[in-house]
There are 2 protein chains.
Amino acid sequence: MEIATGIRKKYPVPMIRRLPSYLRIIKSYSYGGIEYISATDIANELGYDSVKVRKDLALTGVCGKPRMGYKVDELIRAIRSIVGWDKNSEAVLVGTGCLGSALLGFTGFSRRGINFAAAFDVDPHKIGMTVHGHTVMPMRGMKNFITERKIEIAVLTVPADAAQETVDILVDAGIKGIWNFSPAILKVPARVVTQNENLMSGLAVFMVKMATESV
Amino acid sequence: MEIATGIRKKYPVPMIRRLPSYLRIIKSYSYGGIEYISATDIANELGYDSVKVRKDLALTGVCGKPRMGYKVDELIRAIRSIVGWDKNSEAVLVGTGCLGSALLGFTGFSRRGINFAAAFDVDPHKIGMTVHGHTVMPMRGMKNFITERKIEIAVLTVPADAAQETVDILVDAGIKGIWNFSPAILKVPARVVTQNENLMSGLAVFMVKMATESV
DNA sequence: CGGTTATCGATATTTTTATATCTATCACGA
DNA sequence: TCGTGATAGATATAAAAATATCGATAACCG
């Protein structure tokens, strides 16, 4: 629909963040051979309000049937299309430390169409090592690799103080988006998309919740 | 201030999420021997609007001086107090897979007062292994360990299908808060705090941004 | 076949968050 | 010593998101 016509809606970020949870539940219905799922069903599973879920689902463009809910396979297709998990893309991972290695071993990415074409690191001791099936390559080969293979996505798991210099190489190589797991704020040209995952933000919220709850 | 009097403000979650970034920058000023930092400084570093930063800083209770900014050490103390990084707490980590191991190796937690007292796993092959200085212990000893050591925090890095049964043990043992890295939605009593970190939410937002940008 | 009811979809309201505007302050340089 | 201007802090406005309300629909049941 929106993809076919070339029109792209603007989706609210909070809604996008909820889509993967929705998808997970809808898929479990699909595996169970259930054909319809209602906003109420999803809301109950997630502890959300059903109106919120219904509004989100309305944005996917899928029409529901009163008293029945939404067709499970339609929802799955629509959500996967919105979050781009219906097509394959190649990525590089930069920085094979603890977190980088963990991400390389995470099977969830390939199931969502994200495949690691290579992993890079500066540490000479790591070069040539195999991490979850991926051979670690030296950083100096990265630029050419990205350019030649037309890689669009980089997952950045280098230490904060190495982040910007790494990013400069990535940008120079023509990368389109950087999924940044370092706490550093990246300076990139406007055409390059960045998405910051800040583990410490989550910890902060968690700790504040804990303190508030225990009053 | 708010801690001393026992009064706890309600902080907006988006503001809490920004605090760690603020702290990081303010600390860099502190290391540089700079005594004052302005909202404008922080805003420039992060690409934010200075008014937003100023409003956030106002909520910390620290007073700024016109033309000078805020005292660096006061801000650091205030933010650390709000996010609870000024005191120590013990945690257990459950599930020593890729992500669990990565978190065990992450030094950032101890620097923020979170110390892993133990790591648990069900896999017999992993029991007794040392992961980043932590010996993996069998799951069946977990409940007593938590109860006896009065552990309040659990970091949950088990697969989704094992999440709820693990959580039941944690709750039974008297855990106060669960930092959940599994995609499962946890059912816990109201007194138990949960904080869900959903990697796929971030990926979804990232992919949507990429698709939107490339139009 | 007709009433009942769960559900959708639309609309309205409230709350939260972000952004803009304005005034007072006070370090700094002339 | 006196403007100047960067900055805090307060207030006002706008935007975004969550939540509530309500009529319409159609499967289900008697």
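Everything numeric in this text was worked out from a predicted model, so none of it was measured. Throughout, a chain's letter reflects where its sequence line sits, starting with A, and its residues are numbered from 1.
- Applying the salt bridge (charged side-chain N to carboxylate O under 4.0 Å, His left out) test to residues at least two apart or on different chains, the pairs with a partner in residues 104-121 of chain A are Asp121(A)-Lys126(A).
- At whole-Å resolution of the value, OH in Tyr36(A) and C1' in dC28(D) are 15 Å apart.
- Annotation: side chain of Arg18(B) is in contact with side chain of Lys52(B) (closest heavy-atom distance under 4.5 Å).
- The ring of Phe109(A) has its center closer than 6.0 angstrom to the ring center of Trp179(A).
- Annotation for Ser201(A) and Arg17(B): closest pair OG-O, 2.7 Å, computed over non-hydrogen atoms.
- In this structure, the CG atom of Leu57(A) is 12 Å from the C1' atom of dT7(C), given to the nearest Å.
- Counting heavy-atom neighbours within 6.0 Å of Lys209(A) NZ, excluding the residue itself, gives a total above 12.
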Treat a base pair as Watson-Crick or G-U wobble with both distances under 3.5 Å, then lay out DNA chain D in dot-bracket form, 5' to 3', with | for cross-strand pairs.
||||||||||||||||||||||||||||||

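- Side-chain N/O atoms of Arg18(A) include none lying less than 4.0 angstrom from OP1 or OP2 on dA17(D).
- Here Ile26(A) contributes atom CD1 and Ser21(A) contributes atom OG; the two are 10.0 Å apart, rounded to the nearest 0.5 Å.
- Nearer to the 5' terminus of DNA chain D, by closest-nucleotide assignment, is the contact made by Gly64(B) (compared with the other of Met15(A) and Gly64(B)).
- Counting to the nearest Å, the P atom of dT7(C) and the OH atom of Tyr70(A) are 11 Å from each other.
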Go along nucleotides 20-26 of chain D 5' to 3' and tag each nucleotide: B for a protein heavy atom under 4.0 Å from its base, S when only backbone or sugar atoms are that close, - otherwise.
B----B-

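- Near DNA chain C, meaning a heavy atom under 4.0 Å away, the residues from residues 37-45 of chain A are Ser38(A), Ala39(A), Thr40(A).
- Rounded to whole angstrom, the span from the CG atom of Asp56(B) across to the P atom of dA8(D) amounts to 13 Å.
- Nucleotide dA18(D) holds its C1' atom 17 Å from the CZ atom of Arg17(A), rounded to whole Å.
- Shown here for Thr166(B) and Ala162(B), the closest heavy-atom pair between the two residues is OG1-O, 2.6 Å.
- In this structure, the ring-ring contact (aromatic ring centres under 6.0 Å, His included) partners of Phe120(A), at least two apart in sequence or on a different chain, are Phe145(A).
- Atom CE of Met210(A) is separated from atom CG of Leu203(A) by 10.0 Å, given to the nearest 0.5 angstrom.
- Checking the phosphate oxygens (OP1, OP2) of dT16(C), no side-chain nitrogen or oxygen of Tyr11(B) falls inside 4.0 Å.
- Rounded to the nearest 0.5 angstrom, Ser110(B) OG and Asn115(B) CG are separated by 6.0 Å.
- Contacts classified as salt bridge (charged side-chain N to carboxylate O under 4.0 Å, His left out) and involving residues 31-48 of chain A (residues at least two apart or in different chains) are given here: Glu35(A)-Lys71(A).
- Distance from the side chain of Pro14(B) is smallest for dA18(C) among the nucleotides dG9(D), dA18(C), dA17(D).
- Here dA15(D) presents its P atom at 16 Å from NZ of Lys52(B), a figure rounded to the nearest Å.
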